[in-house]
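Right, one structure below, let's go through it.
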Amino acid sequence: MQKTKKIPMRTCIGCREEKPKKDMLRVVKNAAGEIHLDFSGKMAGRGAYVCNSEACVKKIGKYKLLHKTFSQNVDEEIYKAIEEEFLGQK
């Protein structure tokens with residue numbers, strides 16, 4: 001009998017839906033309080049996940065959801081980097 005591999009699920013901070021971790025972008029706040037995009041999914045720190053829906057990407061920028069998630073001000077550059085990653089905008 002084979003074991004089925006469990007797929008890690010994460011909740012998007014935009015739409016609040018659970019989706020597979022590999023389909024989402026992780027944003028990390030490290031111990032120094034710096035915010036980074038985590039493409040590997042393995043950086044140390046508090047993580048927040050955003051799914052690849054255009055509506056979610058726009059929503060986190062509009063409502064400053066990373067501010068709420070990390071309880072600190074998040075530089076506008078982070079929001080722009082997320083938009084560029086998903087939507088290809090510059």
Side-chain angles (χ1 to χ4, degrees):
M1 197 161 126
Q2 287 185 331
K3 283 187 176 180
T4 56
K5 190 169 182 176
K6 186 177 179 196
I7 298 171
M9 302 293 279
R10 297 294 181 263
T11 303
C12 173
I13 61 171
C15 62
R16 309 299 296 164
E17 286 183 28
E18 262 196 14
K19 298 186 180 181
K21 179 180 173 182
K22 66 180 176 67
D23 296 342
M24 303 177 87
L25 175 67
R26 184 170 187 245
V27 183
V28 178
K29 174 184 169 184
N30 64 18
E34 300 165 332
I35 310 288
H36 301 283
L37 295 179
D38 179 11
F39 297 104
S40 69
K42 298 179 183 191
M43 286 175 71
R46 171 83 168 99
Y49 292 85
V50 182
C51 66
N52 58 1
S53 151
E54 183 176 346
C56 288
V57 172
K58 298 264 187 213
K59 186 175 181 179
I60 66 165
K62 181 178 178 182
Y63 295 107
K64 306 294 184 211
L65 294 177
L66 291 176
H67 285 55
K68 295 178 177 115
T69 302
F70 295 132
S71 302
Q72 75 177 46
N73 285 336
V74 176
D75 191 27
E76 197 62 39
E77 292 299 311
I78 298 295
Y79 290 107
K80 285 181 184 171
I82 292 170
E83 273 195 39
E84 285 176 20
E85 178 64 27
F86 281 120
L87 309 177
Q89 297 176 350
K90 293 188 178 181

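Quick caveat: nothing in here was measured; it's all calculated off a predicted structure.
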- prompt: Are Leu37 and Leu25 close enough, and set up right, to give a side-chain contact (heavy atoms from CB on, under 4.5 Å), and what steps lead you there?
  reply: CA-CA 8 Å; Leu37 295 179; Leu25 175 67; 3.8 Å; yes

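- Under the 4.5 Å side-chain heavy-atom criterion for Ile, Leu, Val, Met, Phe, Trp and Tyr, Val50 and Leu65 are members of the same hydrophobic cluster.
- Within the model, atoms CG of Asp23 and CG of Asn52 stand 6.5 Å from one another, a figure rounded to the nearest 0.5 Å.
- Ile78 CD1 to Asn73 CG: the interatomic distance, rounded to the nearest 0.5 Å, is 12.5 Å.
- Tracing side-chain contacts under 4.5 Å through hydrophobic residues (I, L, V, M, F, W, Y), one never reaches Ile60 starting from Met24; they form parts of separate clusters.
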Check: residues 7-18 side-chain donor-acceptor pairs under 3.5 Å, at least two apart:
none

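- For residues 25-34, the set of pairs meeting the salt bridge (Lys or Arg N to Asp or Glu O under 4.0 Å) definition, not counting sequence neighbours, comprises Arg26-Asp38.
- The shortest non-hydrogen separation linking Ala48 to Thr69 is CB-CG2, 3.7 Å.
- The minimum heavy-atom distance linking Asn30 with His36 is given by the pair ND2-NE2, 3.6 Å.
- Residues Leu66 and Val57 share a single hydrophobic cluster, defined by chaining ILVMFWY side chains whose heavy atoms lie under 4.5 Å apart.
- Within the structure, every pair that satisfies the ring-ring contact (aromatic ring centres under 6.0 Å, His included) test and touches residues 39-80, not counting sequence neighbours, is listed here: His67-Tyr79.
- Separation of atoms OG (Ser71) and CZ (Arg46) is listed at 8.5 Å; rounding is to 0.5 Å.
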Note to self: Show, in sequence, the C-alpha distance, side-chain angles and deciding distance for Glu76 and Lys64, and conclude whether the side-chain contact (heavy atoms from CB on, under 4.5 Å) test is met.
What the structure shows: CA-CA 9 Å; Glu76 197 62 39; Lys64 306 294 184 211; 2.9 Å; yes

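- Between Val27 and Ile82, the closest heavy-atom pair is CG2-CD1, 3.7 Å.
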